Amino acid sequence: MWAARRVLSSVYAGQSGLFRNPQHGSLPELELRYLQCTCCWRSRVPVAGFETLNATLSSTNEPCKEDSRTLDACYTSEQRDAILQLLNTATPSELTGIKLLRGRKSLNIVEYRTKNGPFKTLESVVNVPLLKHKSAVVVFNSILNPGKKERKVRIQLAKFIRPEVDKSWLEDATSIVSIVCGTNKLAWAHVDRGMTVLDWQQMDCPNFLRGTYMASAYLHDVSSVVALLPSADFYIIEKPSISVQNTALFPVMAHMRAVEAMLFALLEPKNSSPESNIPPRVLNMMRVAVGRHFGLMVGESRTSGAQTVRQLMTESVTQKLPRINFPQDLLVKYRNSFQMGSRRGGEELCDALLQAVAFYELLGECS
């Protein structure tokens, strides 16, 4: 069943999660995994233990201790001079020829150096809006190796976003609300362009999959959620991948389509039309595309994203430049919500957050 896939446990089912407090007895042995350290970019550091987040919430954040090098220390003096020379003198049209500097980023560089003067260090480049640490490294390497072909195949925007919308509109968005529908609840995550979580919650919908799909009852539940959604430039609604060949899933498919249609109708501005120059505000994002982005697919099925979300939350308090930033109150609120084997029903919350992260990251990978 589709609903069962959303609550599928990983291979760690039955073990305590990232946020547990150790009880009496020895801790279970855990396989050591690695991630790329965003502080020093080139080194690997072990993934934090399962108690890291709870312990760190009451302590001061510290940068990566394995290597405290700045961006400037990762390049020779000649390379630094070449990068800074180009960034300080190139026109917006010349900057667009550099990888990742198309659209708003090139204008932000010119505006920043006009207001603050020329860049004096590579580390100062990350102060430019929309240029995070990882993006800056890609830009620097592209400047040093302009003729080097990219190994990674670029994903097309239409492969994961529907309907098609001009990429420049999406890049100029200051924030999005990612919405995921479950069998008995709706969850959403409000994330801004700087990869900071502004709002993250879910709401039970008692009329979902009850009786004969009464339109008035469905509308009541969906309208109650829409009334709570924060304002954003775009609303991204998950497009589930339910096979029409499995007749047992027809009721779930009808449920998903009904909720999806109501969300589109309630969130889209009344004056929006295909002929207008205003882009659609409500978009679909393919569930499979998000699953593949985070490596959650097993064949055609998507496994739980709880472990991935726990890792993102831990990185937000243990790394200087995390993949996504969580406010303290949300970390405290959800630090125990995504343990493996938990019956708290947090899969929709996980999926809403992962969809928001994937949206920004896949958008940056589009050619």
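Below, each value reflects all heavy atoms present in this structure, side chains not excepted, and no hydrogens, waters or symmetry copies. Not measured: the values here are computed from a predicted model.
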- When rounded to the nearest 0.5 Å, the distance separating CG of L101 from OG of S106 is 6.5 Å
- Query: Is there a side-chain contact between L296 and L354 (heavy atoms, below 4.5 Å)?
  - Reply: yes
- Can any side-chain N or O of Y334 pair as donor or acceptor with the backbone N or O of D329 at less than 3.5 Å? no
- Query: Would you find a donor on one side and an acceptor on the other, under 3.5 Å apart, between the side chain of S178 and the backbone of A189?
  - Reply: no
- Item | NZ/NE/NH1/NH2 to OD/OE distance under 4.0 Å, E268 and R281 | no
- Query: If we only count heavy atoms from C-beta on, is the S316 to N325 side-chain gap below 4.5 Å?
  - Reply: no
- Hphob cluster co-occupancy, V288 + M253, side-chain heavy atoms under 4.5 angstrom: no
- Closest non-hydrogen atom pair, E348 against G182: OE2-CA, 3.4 Å
- Does a donor on one side chain and an acceptor on the other come within less than 3.5 Å for H190 and S175? yes
- Item | Check: Q307/Q311 side-chain N/O donor and acceptor closer than 3.5 Å | no
- Between the CG atom in L263 and the CG atom in N284, the distance rounded to the nearest 0.5 Å is 10.0 Å
- Interatomic distance, CG@L363 vs CG@L170, rounded to 0.5 Å, equals 5.5 Å
- Salt bridge or not for R193 and D172, using N-O below 4.0 Å? no
- Counting N and O atoms only, with roles assigned by atom type, does the side chain of S142 sit under 3.5 Å from a partner on the main chain of V139, one being a donor and the other an acceptor? no
- Side-chain contact, heavy-atom cut-off 4.5 Å: L267 with V226? yes
- Going through the checks in order, is the side chain to side chain donor-acceptor pair (under 3.5 Å) test met by N141 and Y75? CA-CA 10 Å; N141 292 341; Y75 298 88; 3.0 Å; yes
- Query: So do the side chains of N127 and N116 get within less than 4.5 Å of each other, counting heavy atoms only?
  - Reply: no
- Task: Can you see which heavy atom on V259 is nearest to which on C181, and at what distance?
- Result: CG1-SG, 3.8 Å
- Item | ring pair (Phe, Tyr, Trp, His ring centres under 6.0 Å) evaluation trace for F119 with Y112 | CA-CA 9 Å; F119 298 104; Y112 184 88; 5.5 Å; yes
- Exactly one candidate in K239, R287, R162 meets salt bridge (Lys or Arg N to Asp or Glu O under 4.0 Å) with E260; the answer is K239
- Query: Do side-chain atoms of Y360 reach the backbone of V191 as a donor and acceptor pair under 3.5 angstrom?
  - Reply: yes
- Query: With side chains defined as the heavy atoms from C-beta onward, is the minimum distance between F208 and K185 less than 4.5 Å?
  - Reply: no
- Could you go through the side-chain contact (heavy atoms from CB on, under 4.5 Å) check for I324 and L312 one step at a time? CA-CA 7 Å; I324 188 167; L312 292 174; 4.2 Å; yes
- Message: Is any side-chain heavy atom of R302 closer than 4.5 Å to one of D351?
- Response: yes
- Message: If I take atom CG from residue L229 and atom CE from residue M203, how far apart are they, to the nearest 0.5 angstrom?
- Response: 10.0 Å
- Message: If you define the side chain from C-beta out and look only at heavy atoms, does anything of V290 sit under 4.5 Å from M285?
- Response: yes
- Can you measure from CG (L209) to CE (M256) and round to the nearest 0.5 angstrom? 7.5 Å
- Using 4.0 Å as the upper bound for N to carboxylate O, is an ion pair formed by K167 and E171? yes
- Task: Flag yes if I237 and M286 sit in one hydrophobic cluster, no otherwise; membership is Ile, Leu, Val, Met, Phe, Trp, Tyr, and two members link when side-chain heavy atoms are under 4.5 Å apart.
- Result: no
- Would you please indicate if the ring centroids of F234 and W169 are separated by under 6.0 Å? no
- Begin from the C-alpha positions of T121 and L71 and carry the test side-chain contact (heavy atoms from CB on, under 4.5 Å) through to its verdict. CA-CA 9 Å; T121 64; L71 282 170; over 6 Å; no
- Task: May I ask whether V180 and M297 are part of the same hydrophobic cluster, defined by side-chain heavy atoms of I, L, V, M, F, W, Y residues being less than 4.5 angstrom apart, directly or through others?
- Result: no
- Message: Under a 3.5 Å distance rule, please check whether S135 uses its side chain to pair with a backbone N or O of L131 as donor and acceptor.
- Response: no
- Task: Could you tell me whether the side chain of Q355 and the main chain of I236 form a donor-acceptor pair under 3.5 Å?
- Result: yes
- Answer yes or no: is there a donor N or O on one side and an acceptor on the other, between the side chain of D72 and the main chain of L122, under 3.5 Å? yes
- If you round to the nearest 0.5 Å, how far is OG1 of T308 from CZ of R323? 8.5 Å
- For side-chain contact (heavy atoms from CB on, under 4.5 Å), just list the numbers for L349 and S337, CA-CA rounded to whole Å, side-chain angles, deciding distance to a tenth of an Å, and then say yes or no. CA-CA 10 Å; L349 273 173; S337 297; 5.7 Å; no
- Message: Would you say the ring centers of H293 and F160 fall short of 6.0 Å from each other?
- Response: no
- Message: Quick check on side chain to side chain contact (heavy atoms under 4.5 Å, CB included): which of V225, T183, N184 does C205 satisfy it with?
- Response: V225
- Query: Will you find, in the side chains of Q79 and D81, an N or O donor that is under 3.5 Å from an N or O acceptor?
  - Reply: no
- Examine distances only and state if a side-chain atom of R310 and a backbone atom of F338 form a donor-acceptor pair shorter than 3.5 Å. yes
- Message: Given 3.5 Å as the limit, does a donor-acceptor pair link the side chain of R210 with the main chain of P206, or not?
- Response: yes
- Message: Between I176 and L198, is there shared hydrophobic-cluster membership here, with clusters defined by ILVMFWY side-chain heavy atoms closer than 4.5 Å?
- Response: no
- Between W188 and Y235, does a ring pair (Phe, Tyr, Trp, His ring centres under 6.0 Å) hold up when you go through it step by step? CA-CA 10 Å; W188 63 93; Y235 295 89; over 10 Å; no
- Message: Under a 3.5 Å distance rule, please check whether T196 uses its side chain to pair with a backbone N or O of D192 as donor and acceptor.
- Response: no
- Task: Compute whether any side-chain donor of one residue and acceptor of the other, for D233 and T174, lie under 3.5 angstrom apart.
- Result: yes
- Message: I need the minimum non-hydrogen distance between A306 and S304, along with the two atoms involved.
- Response: N-OG, 3.1 Å
- Take atom NZ of K120 as the centre, draw a 6.0 Å sphere, and report whether it contains more than 12 heavy atoms from other residues, nucleotides or ligands. no
- Message: Tell me which one of V357, L353, T314 satisfies side chain to side chain contact (heavy atoms under 4.5 Å, CB included) with V309.
- Response: L353
- Item | pair L266-V282: side-chain heavy atoms closer than 4.5 Å | no
- In sequence, state the C-alpha distance, the side-chain angles, and the governing distance for L87 and R113, and then conclude on side-chain contact (heavy atoms from CB on, under 4.5 Å). CA-CA 9 Å; L87 292 178; R113 75 191 188 198; 5.6 Å; no
- Message: Let me check something: do V222 and L228 share a hydrophobic cluster, defined by ILVMFWY side-chain heavy atoms less than 4.5 Å apart, either directly or through other members?
- Response: yes
- How about Q85: does its CD atom have over 12 heavy atoms from other parts shown lying under 6.0 Å from it? no
- What is the minimum heavy-atom distance between P279 and V165, and which atoms define it? CB-CG2, 3.7 Å
- Task: Indicate the atoms forming the closest heavy-atom contact of E347 with G305, along with that distance.
- Result: OE1-N, 3.7 Å
- More than 12 non-hydrogen atoms from neighbouring residues, nucleotides or ligands closer than 6.0 Å to CE on M214, yes or no? no
- Query: Does atom CD of E94 have more than 12 heavy-atom neighbours, drawn from other residues, nucleotides or ligands, at distances under 6.0 Å?
  - Reply: yes
